[in-house]
Amino acid sequence: MKTKKKKLVYAALIAIMALLFGIITLITMMPVSAFAASKAITDDSVENNASMSTDVIYQIVTDRFVDGEPSNNPSGEIYDKNNLKKYHGGDWVGITQKINDGYFTNMGVSAIWISSPVQNSDYIDPSNGCAPYHGYWGRDFFLPNQYFGTMEEFTTLVSTAHSKDIKVIIDFAPNHTSFAVYDGIKQPNDGALYKNGELVSTYSNDAKGVFNHVSDQWAEFDTWEHTVYAPLFGLADLNQQNAITDQYLKDAIKVWLDAGVDGIRVDAVKHMSLGWQKNWVSDIYDYKPVFIFGEWSHSATTSEPNMENFANESGMSLLDFRYNTAARNALANAMTSGYTMKDFHNTMMDMEEDYDNINDQVTFLDNHDQSRFMTEAGNNKLTLDIAFALQMTSRGIPCVYYGTEQYMSDAAGGKSDPYNRADMTGFDQSSRAYQIISKLAPLRKSNPALAYGSTQERWLNDDVYVYERVFGNNVVMTAINRNQSSGYQLTGLMSSLPDGAYYDVLGNLLGGGNITVNKGVVSEYYLGAGQVAVWQYTADENDAPIIGNVNPKMSKAGNTVTITGRGFGNSVGSVAFDVKNAQIVSWSDSLIKVIVPGGVTGDVAVVVTTSAGVESEAFNGFKILSGSQVSVRFKVNNATTYYGVNVYIVGNVPELGAWDTSKAIGPLFNDTPTIGKYPTWFYDISVPANTKLEYKFIKVDGAGNVIWESGMNHVYTTPASNTGEITVNWQ
Ligand code: NOJ
Ligand code: NOJ
Ligand code: CA
């Protein structure tokens with residue numbers, strides 16, 4: 001009896017195993033097209049978290065949004081709902097409620113950026129009476145901020161968001177902890193850094209060298225170098241070149257990646273070395289392909305070469321501060337700035353030159369560090385409505401600051417921080433601004449011209465800007481008249497829209513009407529005072545495959561990347577990275593997932609070929625690193641120069657310019673007391689791990705003339721992980 005039963009059990013087990021084996025073989029044998037046919041991840045899918053091209057982001061100051069769980073509110077002096085510098089009680093339960101009640105979904109918002117979730121210092125900053133309700137004074141980056149909620153509440157927020165096709169982006173501040181010393185006064189928390197509750201170090205008792213120790217008195221942000229190594233307003237400045245700090249920050253972010261986040265907004269990137277950040281970003285992409293964008297604060301429409309170089313080289317995108325200033329100048333501050341729509345267009349064109357991938361930068365009208373747009377616009381609602389229509393149809397990924405869609409302006413008593421961070425005033429879904437976003441945000445998902453298209457001006461004067469976004473056969477044309485007292489006859493307006501009649505996507509919310517297009521000529525159209533119209537054509541088919549984006553924007557052999565665009569077809573073709581073909585993971589008409597092939601490094605051209613043999617144009621400049629990265633501090637002593645001459649480094653891997661002096665890394669720094677002062681020069685650079693590097697330093701004058709070091713190449717084998725440092729004498 002017994003044995004018989006056993007035999008039966010065995011038979012059943014074998015049957016189950018055979019079944020499982022069958023299923024597994026079936027899955028592994030299935031042609032890739034079967035994946036596409038089953039549940040294809042499309043370019044607008046919440047599962048494609050490497051890219052946010054089709055998303056509209058909504059920025060939330062967690063503490064100021066919704067208090068969904070009063071029992072977790074702090075007690076004592078850090079909490080006061082009537083004081084904008086203290087905690088107000090907003091939390092993850094509150095945000096989850098708003099995800100569930102459809103506030104974001106109905107607006108078309110498909111990504112939320114929330115305050116840094118990590119545990120913060122519990123102290124008031126004596127210099128300004130502020131509590132860390134904003135999340136920027138990290139204490140333990142491995143633990144949740146208990147006033148925002150528990151880890152379980154955090155993961156519930158993420159899974160709830162995902163169930164509604166909403167991505168979650170966290171703010172993260174690897175530059176610093178909390179206040180240590182300011183104006184010579186030691187602060188109560190002493191910048192303490194903890195790991196899962198255990199003390200790692202404090203600023204004034206830092207035997208491990210976890211922090212940079214340049215005096216805050218030195219901290220004039222007159223050069224980029226000073227900005228990188230000095231404390232930001234006395235916040236204890238983390239020394240990312242320290243192996244403990246480097247590992248801490250690499251491990252800490254994984255806590256949040258494991259909790260399911262889809263994106264990271266990196267705080268204060270201007271204040272950390274490009275090299276360390278590139279190595280950190282690369283480590284993140286190795287772990288999980290998410291969308292990363294940094295904050296390089298800049299308050300002008302003009303170029304800042306260090307910022308643009310960072311956007312092009314660091315592997316992350318940036319918040320688009322030049323766009324922000326341009327939009328505020330052209331609309332909110334038109335009177336005082338004297339800035340016209342022509343100026344706006346010119347800034348857009350300049351920026352296309354300065355950025356390798358302008359479509360991947362994150363645009364915004366206002367944020368938590370500047371006065372609200374409405375305040376600047378003198379509380380003119382129509383001005384904001386026009387600005388939203390502009391932003392939603394511009395190149396770049398739009399981000400809406402919480403409450404701006406409810407016409408919030410700065411709270412009574414002042415401008416900017418903290419008056420720009422008042423409690424959310426309400427959740428009215430009928431506000432015109434909310435309506436405008438809810439009409440245009442979904443268009444960013446359905447018509448790829450908004451996510452990936454080029455920008456072309458079609459009609460322009462000081463007040464009127466008509467521009468088209470075009471991607472393949474897809475077109476979105478937007479007509480804006482910022483002048484709220486007079487209209488313009490748009491004579492001679494041309495368009496790429498195919499022949500036909502078009503209605504205003506905004507449904508006349510801003511006075512837009514219909515047009516007809518005949519052989520590229522638009523019917524006579526009168527754009528009234530303060531009016532905006534948006535017309536669009538979404539193509540069913542595209543003449544050829546066309547690549548919109550490749551994400552993450554930096555990769556290495558073996559990593560999976562997504563190629564988004566249109567016209568790839570529904571059966572599997574091929575993808576080449578320069579001369580190497582990639583292994584295809586999945587394939588649909590708008591999204592291909594591939595594994596980056598070995599044997600190609602540097603700035604690479606990506607080409608998609610359909611199964612019918614039609615090739616896309618090359619998507620150029622995709623970055624393939626030569627391996628896992630480590631951040632190495634290269635130092636050279638005795639490199640004396642004349643005024644105007646700078647020192648660079650160039651070497652045998654793409655990360656060091658592959659011996660091309662026009663791609664040499666630098667200019668090196670030479671003015672940090674604790675690291676290196678002229679004639680010593682130094683730089684922190686992301687280079688392949690466990691690799692024998694050959695390199696030389698070069699001197700370059702203002703005219704670009706190069707003087708090489710003499711002698712043999714320097715040779716250095718990089719560490720297998722973490723950070724390295726190598727010092728040589730100029731030869
Ligand atoms: C920039 C943030 O946006 C700002 O709010 C913060 O105070 C500083 N970085 C320091 O973290
Ligand atoms: C590149 C070479 O490979 C390197 O060894 C040499 O020092 C420089 N060019 C300058 O000639
Ligand atoms: Ca609360």
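Along the sequence shown, the residues carry numbers beginning at 1. Note that ligands are numbered from 1 as they come in the structure, with each ligand's atoms numbered from 1 the same way.
- Residues Phe141 and Trp256 place their aromatic rings such that the two centres sit no closer than 6.0 Å.
- Between Arg139 and Asp122 there is no salt bridge, since no side-chain nitrogen of the basic residue lies less than 4.0 Å from a carboxylate oxygen of the acidic one.
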Could you tabulate the donor-acceptor pairs under 3.5 Å formed by side-chain atoms of residues 289-306, not counting sequence neighbours?
from, atom 1, to, atom 2, distance (Å)
Glu295, OE1, Ala268, N, 2.7
His298, NE2, Thr302, O, 2.8
Ser303, OG, Glu308, OE1, 2.7

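- Look at Asp684 and Arg633 and you find a salt bridge, because one of the NZ, NE, NH1 or NH2 atoms lies within 4.0 Å of a carboxylate O, short of that distance.
- With Phe364 as the aromatic partner, Arg322 does not meet the cation-pi criteria of under 6.0 angstrom to the ring centre and within 45 degrees of the ring axis.
- For Ala411, the side-chain contact (heavy atoms from CB on, under 4.5 Å) criterion is met by Leu84, Tyr419, Ala422, not counting sequence neighbours.
- One finds a salt bridge joining Glu376 and Lys415 here, because a Lys/Arg side-chain nitrogen approaches an Asp/Glu carboxylate oxygen to under 4.0 Å.
- Under the 4.0 Å criterion applied to side-chain N and carboxylate O atoms, Asp320 and Arg395 are assigned as salt-bridge partners.
- A cation-pi arrangement is present between Lys254 and Tyr287 under the rule of less than 6.0 angstrom and at most 45 degrees off the ring axis.
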Please tabulate, one line per pair, the protein nitrogen or oxygen atoms found under 3.5 angstrom from a nitrogen or oxygen of ligand 1, with distances to 0.1 Å, or say none if there are no such pairs.
from, atom 1, to, atom 2, distance (Å)
ligand 1, 3 (O), Arg265, NH2, 3.1
ligand 1, 3 (O), His368, NE2, 2.8
ligand 1, 3 (O), Asp369, OD2, 2.4
ligand 1, 5 (O), His368, NE2, 3.3
ligand 1, 5 (O), Asp369, OD1, 2.6
ligand 1, 5 (O), Asp369, OD2, 3.4
ligand 1, 5 (O), Arg421, NH2, 3.3
ligand 1, 9 (N), Asp267, OD1, 2.8
ligand 1, 9 (N), Asp267, OD2, 3.2
ligand 1, 11 (O), His176, NE2, 3.2
ligand 1, 11 (O), Asp267, OD2, 2.6

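- The number of protein N/O/S atoms found under 3.0 Å from the Ca ion (ligand 3) is 6.
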